[in-house]
Amino acid sequence: MRAGALQGEGRRIPMNLFDDVAHKVNAALGALAEEGVLPAAVDTANVKVEPPRDEAHGEVSTNAAMVLAKQAKMPPCELAEKIAEKLRADADLTDVAVAGPGFINMRLAQPFWNRLLSAVLALGDAYGCSDMGGGEKVNVEYVSANPTGPLHVGHTRGAVFGDALANLLEETGFDVTREYYINDAGAQVQALARSVYLRYCEALGLKIEKIPEGLYPGEYLKPLGQALVMEHHYALLKMEEEQWLPIVRDFAIDMMMVMIRDDLAALGITHEVFFSERTLHESGAIEETIREMEQQGLIYTGQLPPPKGKPPEDWEPRDQLLFRSTDFGDDIDRPLKKSDGSYTYFAADVAYIREKLRRGHMQLVYVLGADHGGYVKRLQAANAALSGGKARLIARLCQLVKLYRGGEPVKMSKRAGEFITMREVVDEVGADVVRFMMLTRSNDAPLDFDFEKVKEQSRDNPVFYVQYAHARIASVFRNAAQELPENLLQADDDSIRWELLEDAAEHTLMRRVGEYPRMLAAAARAHEPHRVAFYLMDLAGDFHALWNKGKENPQLRFILPDDPERTQARLGLLRAVRQVLRNGLRILGVAPVEEM
RNA sequence: GGCCCCGUAGCUCAGCUGGAUAGAGCAACGGACUUCUAAUCCGUCGGUCGGAGGUUCGAAUCCUCCCGGGGUCGCCA
């Protein structure tokens, strides 16, 4: 049997009940292989153990028989029966049955659930965490906005996504570095410097005309002009541009980065590394990279064909220094130098990839806007060439966020430098709301963000819905502290009689709690933090449903003064639910609230 | 024209990398409050999964070709 092929046979995820069952299934298959029912070298790579969609099919289900039928040279149902026979011997499993085209459905015996719920309480914040990543070094680069202006809504989604993804990977056992690439080389920061210089002149009382085309007209640069006056007085006025430009540029970049970091902090985002593009130029890293690539035959001088479809009017063939990215899956080879001899942005990026690889990162994650989709293949080509195919480069593209206010689109004029900043959004609705809302869609689906709707306290608002579940649980515990004797509240977790959780809605909630580690692992593998948000909405929904059953049937209330043992079991379940809500929200970077 | 993403209920979207009769919310309709917070819950209605082929025990999911929407396309970052 191929070792580690079956899910759950590699790294075990603590208290992932599906992993535990997978382990049992694998043992059963091993036994059948020994008996000669299955070939000794059976390939179990496609065998899965998962929750069935329909509760009627049990709590756990496996497709083992259907996947292995061909290898066993036996009809699926017949093989399923043989596997089921082995599984029935396990005391943790009940109702083992063959169904449909050959699924094996089963339920988990009470001791199994007892262990799970006790473990959730014992593990606390660690429930759901795993060592799946095995400490692999992952670099997550996100935001990386040009230091030429404040962060706007467009950056917000990538910022939240990247941060939540980093949290997710961290909690699933990866060694994560959060990184921000500062584009502080090139024409844009020169334009920034000239814009700030104009504001400096303005602050000195000189009359400035309209900010010229190509420069940054935003009001936000005025304080920088004033600050320059405080520091340099009239000195910069007497200088030639080539003298003042580096001074003003460096000053402006520093100031903008202070502002950007401050805005990110307001959203609860901190990067461990801020990496400057300019250092790649100044340290000679780009030259070194190109030299190395030349030695490996990855670079040549040649001409590119004109773009198909609509050839640009000023097109003329030109010899260029090109990276053979087509050898690594790209559509066209990519230039590393501009016609003036300076390096392209891409050349710096290649050197940057080399730098990240040198630091030992095996996974390079790029969180980008959807408009950078065309850039991904060349990044991946560069990574493949430089890492020898050993490291992975994963790009996640975030689609646009459309702003609304009460159903009406919010108008923005980019040309006039008017845009809604990230800070404005955070200040108006709060960091928690922004963060949660940004993750209520898959990253590659466009997102509508309505200022009014996200402040509503209703079912429509997923942030509220999840927070409300947490607050209601907190409220139960406040009441319990009033109504129940102290010895009941302080009882030992190990003495909880979990089997007293008998209602179907309690079981639904219990199962959902049990799914959390599996969901987390899958979300991390897919680099999809939005799954955590969707899971939390489902968990909250299950909880609200149980809550309401207690209204219709007083016997289902959480606190039953006449039945201390059942009360204890129900409060135990609520503690487990509260714990999972907290753990999930922590990954999203959202604080749970105690009351609303 | 090339490449990338999307197309699932009237609307907004999930769908756990191939599983069983495709799911939520909103909207529409009908119910549940002397409350452990009704800021919630329950039920009903609603889908040729853009279209056509293919792969196999099995496809919304994988492959090919179309249709429609968005992004992007040598020296900007």
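A quick note: this is a predicted structure, and the numbers were derived from the prediction, not measured. Only this structure's heavy atoms are used, side chains among them; waters, hydrogens and symmetry mates stay out. Every chain is numbered from 1, with letters handed out A, B, ... down the list of sequences.
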Within the 4.0 Å heavy-atom criterion, would you say [X] contacts the bases, only the backbone, or no part of the nucleic acid?
X        : result
A/His372 : base
A/Lys377 : sugar-phosphate
A/Ser339 : base
A/Val67  : base
A/Gln303 : nothing
A/Met537 : nothing
A/Ala480 : nothing
A/Asn146 : sugar-phosphate
A/Met519 : nothing
A/Ser442 : sugar-phosphate
A/Tyr465 : sugar-phosphate
A/Pro446 : sugar-phosphate
A/Asn105 : base
A/Pro76  : nothing

[X] has a side chain; which of [options] sits nearest to it?
X        : options             : answer
A/Leu397 : B/U40, B/C76, B/C4  : B/C4
A/Arg459 : B/A77, B/G25, B/C5  : B/G25
A/Gln320 : B/A14, B/G74, B/C16 : B/G74
A/Pro335 : B/G74, B/G19, B/C5  : B/G74
A/Ala545 : B/C13, B/U17, B/C42 : B/C42
A/Glu528 : B/A77, B/A14, B/G15 : B/G15
A/Pro101 : B/A14, B/A77, B/G19 : B/G19
A/Lys338 : B/C75, B/G74, B/C5  : B/C75
A/Met66  : B/G19, B/A32, B/C16 : B/G19
A/Asn63  : B/C13, B/G19, B/C16 : B/G19

Can you confirm whether or not the ring centre of A/Tyr142 sits under 6.0 Å from the ring centre of A/Phe161?
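Ring-ring flag for A/Tyr142/A/Phe161: false, centres at least 6.0 Å apart.
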
Under 4.0 Å between a side-chain N/O of [X] and OP1 or OP2 of [N], yes or no?
X        : N     : answer
A/Lys402 : B/U12 : no
A/Tyr516 : B/C16 : no
A/Lys48  : B/U17 : yes
A/Arg318 : B/C75 : no
A/Lys70  : B/C57 : yes

Assess whether a salt bridge exists between A/Arg278 and A/Asp250, defined as any Lys/Arg side-chain N lying under 4.0 Å from an Asp/Glu carboxylate O.
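Yes, A/Arg278 and A/Asp250 are salt-bridged.
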
Does the distance from a Lys or Arg side-chain N to an Asp or Glu carboxylate O, for A/Asp331 and A/Lys377, drop under 4.0 Å?
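A/Lys377 and A/Asp331: salt-bridged.
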
Without swapping roles, check the side chain of A/His507 against the backbone of A/Leu501 for a donor-acceptor pair under 3.5 Å.
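Yes, the answer is positive, given that a donor and an acceptor are paired below the 3.5 Å cut-off.
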
Taking [M] as the reference, what is the distance to [N] when you measure between their [atom1] atoms (whole Å, please)?
N     : M     : atom1 : result
B/A52 : B/C73 : P     : 35 Å
B/G71 : B/G25 : C1'   : 29 Å
B/G19 : B/C26 : C1'   : 30 Å
B/C66 : B/G2  : P     : 8 Å
B/C62 : B/C75 : C1'   : 40 Å
B/C63 : B/U17 : C1'   : 15 Å
B/C6  : B/C41 : P     : 31 Å

What is the distance from [atom1] of [X] to [atom2] of [N], rounded to the nearest Å?
X        : N     : atom1 : atom2 : answer
A/Asp330 : B/U72 : CG    : P     : 18 Å
A/Asn553 : B/C42 : CG    : P     : 15 Å
A/His530 : B/U17 : NE2   : C1'   : 12 Å
A/Asp460 : B/C13 : CG    : C1'   : 14 Å
A/Arg396 : B/C5  : CZ    : P     : 11 Å
A/Phe103 : B/G19 : CZ    : P     : 8 Å
A/Phe464 : B/U40 : CZ    : P     : 5 Å
A/Asp538 : B/A24 : CG    : C1'   : 7 Å

How do A/Gln188 and A/Arg441 order along RNA chain B: which one's closest nucleotide is nearer the 5' end?
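The residue whose closest nucleotide sits nearer the 5' end is A/Arg441.
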
Could you pick out which residue, A/Ile559 or A/Gly374, lies toward the 5' side of RNA chain B when each is mapped onto its nearest nucleotide?
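Its nearest nucleotide being more 5', the pick is A/Ile559.
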
Pairing partner of [N] (Watson-Crick or G-U wobble, both distances under 3.5 Å):
N     : result
B/G58 : none
B/G1  : B/C73
B/U64 : B/A52
B/C26 : B/G10
B/U17 : none

Please tell me whether A/Tyr535 and A/Arg531 have a donor and an acceptor in their side chains that are separated by less than 3.5 angstrom.
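No donor-acceptor contact under 3.5 Å links the two side chains.
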
Side chains of A/Thr301 and A/Asp319, donor plus acceptor under 3.5 Å
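Checked: A/Thr301/A/Asp319 side chains show no N/O donor-acceptor pair below 3.5 Å.
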
Name the orientation class of the two ring planes belonging to A/His281 and A/Tyr343 (parallel below 30°, tilted from 30 to 60°, perpendicular beyond 60°).
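The arrangement is tilted - the two ring planes meet at 30° to 60°.
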
Less than 4.5 Å apart, any side-chain heavy atom of A/Val532 and any of A/Met519?
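In short, these two side chains touch, coming nearer than 4.5 Å.
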
Against A/Leu439, only a single residue in A/Ile587, A/Leu588, A/Leu165 fulfils side chain to side chain contact (heavy atoms under 4.5 Å, CB included); can you say which?
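Among A/Ile587, A/Leu588, A/Leu165, the one meeting side chain to side chain contact (heavy atoms under 4.5 Å, CB included) with A/Leu439 is A/Leu588.
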
Please say which of A/Leu79, A/Thr62, A/Asn46 ends up in a side chain to side chain contact (heavy atoms under 4.5 Å, CB included) with A/Val67.
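Going through A/Leu79, A/Thr62, A/Asn46 one by one, the side chain to side chain contact (heavy atoms under 4.5 Å, CB included) with A/Val67 is satisfied by A/Asn46 alone.
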
Answer with yes or no whether A/Asp371 presents, from its side chain, a donor or acceptor under 3.5 Å of a partner atom in the base of B/U72.
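No pair found.
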
